[in-house]
Peer 1: 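Got a structure for you, written out below as structure tokens; questions coming shortly.
Values reported hereafter were calculated over all heavy atoms of this structure, with side chains retained and with hydrogens, waters and symmetry mates removed. Source: prediction; values computed, not measured. Order of the sequence lines fixes the chain letters, A, B, ..., with proteins taken first and strands second; residue numbering starts at 1 for each chain.
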There are 2 protein chains.
Amino acid sequence: MLIGELAQKTNLSRHTIRFYEKLGLIQVPEKSRRKNNYKEYPEETLSRITAIKEITARGFTLKEARGIITLINDGTLDPQRAKKYLVKKLKLVQKQMDDLARTKNNLLIMIDQCDTGVCDVTRLVREK
Amino acid sequence: MLIGELAQKTNLSRHTIRFYEKLGLIQVPEKSRRKNNYKEYPEETLSRITAIKEITARGFTLKEARGIITLINDGTLDPQRAKKYLVKKLKLVQKQMDDLARTKNNLLIMIDQCDTGVCDVTRLVREK
DNA sequence: CACAACCCTAGAGTATACTCTACACTCGTT
DNA sequence: AACGAGTGTAGAGTATACTCTAGGGTTGTG
């Protein structure tokens, strides 16, 4: 499979695919090149990209995705280790959620103040 | 007030303060320099930075903060306009919260699977 | 054989918010 | 006068995830 087909099937741009290669998320064995130097992507790449997408959709970064995939392929990712990793991530996500909740509250208050005529943001800057 | 004092009072690094200057979030009139070329920051800068901090703490970016401050100083920021702006931001925040909630659920499921022995992340990559 | 549509690499650009480095001048103290 | 600490500018580096450009070769169709 050439990069164009892969891009179309994965709904990623060629640029993104090459970018993933640079990051080491995808590997193409140097041998699997056509005579014209075009890269021949194995079927695996498709499921690899699916995995990357599913992992990142779960809130992991690309680097983390690479780490996870490597661990799994090495067979080093036992449930206990995985759990530790996931719990750590969960805490981060929870923190982000808390931050956003605070932000949302602030926004709601400010929006309300816009109606009652006391705009908080305005006050912030006007007061010297 | 020199930059060192300002940095100490605002709890920002000198670098950050200069960075804010570059972004136009803070202005120092060219006249208010000491003979030795040191910048003399007016008291206002302190409240300006406080405003920036409070605005960004509410989930706005630095650019947005600059925009808000400019609008307010221009007196152009009437409640209706402000409300529109805030509601738009609220929607973005809500979207981020929804995304994070989904991520959190996925994490919880995966963590649970670690205990029951069916690790989802593992499955993702193992299946070809 | 021209031309579009594909492929290759290397590297720059975008966005956000810093963070740090290099190099040079200035201030206060010893 | 030497020293550390403070200040100035300009510009590079960090992190994340792309996105695009330049410059070049290849393939297939009319």
Peer 1: If the condition is salt bridge (Lys or Arg N to Asp or Glu O under 4.0 Å), which residues does A/Lys9 pass it with, not counting sequence neighbours?
Peer 2: A/Glu5
Peer 1: Going by the rule side chain to side chain donor-acceptor pair (under 3.5 Å), which residues pair with A/Asp99 if we only count those two or more places apart in sequence or in a different chain?
Peer 2: A/Lys95, A/Arg102
Peer 1: List for me each residue that meets salt bridge (Lys or Arg N to Asp or Glu O under 4.0 Å) alongside A/Glu43, sequence neighbours excluded, and say none if there are none.
Peer 2: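 For A/Glu43, no residue satisfies salt bridge (Lys or Arg N to Asp or Glu O under 4.0 Å) once neighbours in sequence are set aside.
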Peer 1: Taking only residues two or more places apart in sequence or in another chain, which ones pass salt bridge (Lys or Arg N to Asp or Glu O under 4.0 Å) with B/Lys104?
Peer 2: none
Peer 1: Only counting residues at least two apart or in another chain, list the ones meeting side chain to side chain donor-acceptor pair (under 3.5 Å) with A/Asn11.
Peer 2: none
Peer 1: Let's see if you can work this out: which of D/dT19, C/dC8, C/dA17 has an atom nearest to the side-chain heavy atoms of A/Thr16?
Peer 2: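 Minimum distance to the A/Thr16 side chain belongs to D/dT19.
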Peer 1: With respect to the side chain of A/Lys63, which nucleotide from C/dC8, C/dT19, D/dT16 is positioned closest?
Peer 2: D/dT16
Peer 1: If you link I, L, V, M, F, W and Y whenever their side-chain heavy atoms are under 4.5 Å apart, who else ends up in the same group as B/Leu2?
Peer 2: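 Members besides B/Leu2, by chain and number: B/Tyr38.
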Peer 1: So which of residues 88-98 of chain B are in contact with DNA chain C, with a heavy-atom cut-off of under 4.0 Å?
Peer 2: none
Peer 1: Of the options C/dC18, D/dT9, D/dA17, whose atoms approach the side-chain atoms of B/Lys39 most closely?
Peer 2: D/dT9
Peer 1: Heavy atoms under 4.0 Å is the rule here; annotate nucleotides 20-30 of chain C 5' to 3' with B where the base is hit, S where only the sugar-phosphate is, and - elsewhere.
Peer 2: BB----BS---
Peer 1: Compile the donor-acceptor pairs under 3.5 Å between side chains in residues 16-23 of chain A and protein atoms, sequence neighbours left out, one pair per line.
Peer 2:
| residue | atom | partner | partner atom | Å |
| --- | --- | --- | --- | --- |
| A/Thr16 | OG1 | A/Ser13 | OG | 2.9 |
| A/Glu21 | OE1 | A/Lys39 | NZ | 3.0 |
| A/Glu21 | OE2 | A/Tyr41 | OH | 2.4 |

Peer 1: Determine, using the 4.5 Å side-chain heavy-atom cutoff (strictly less than), whether A/Met1 and A/Ile49 are members of one ILVMFWY cluster.
Peer 2: yes
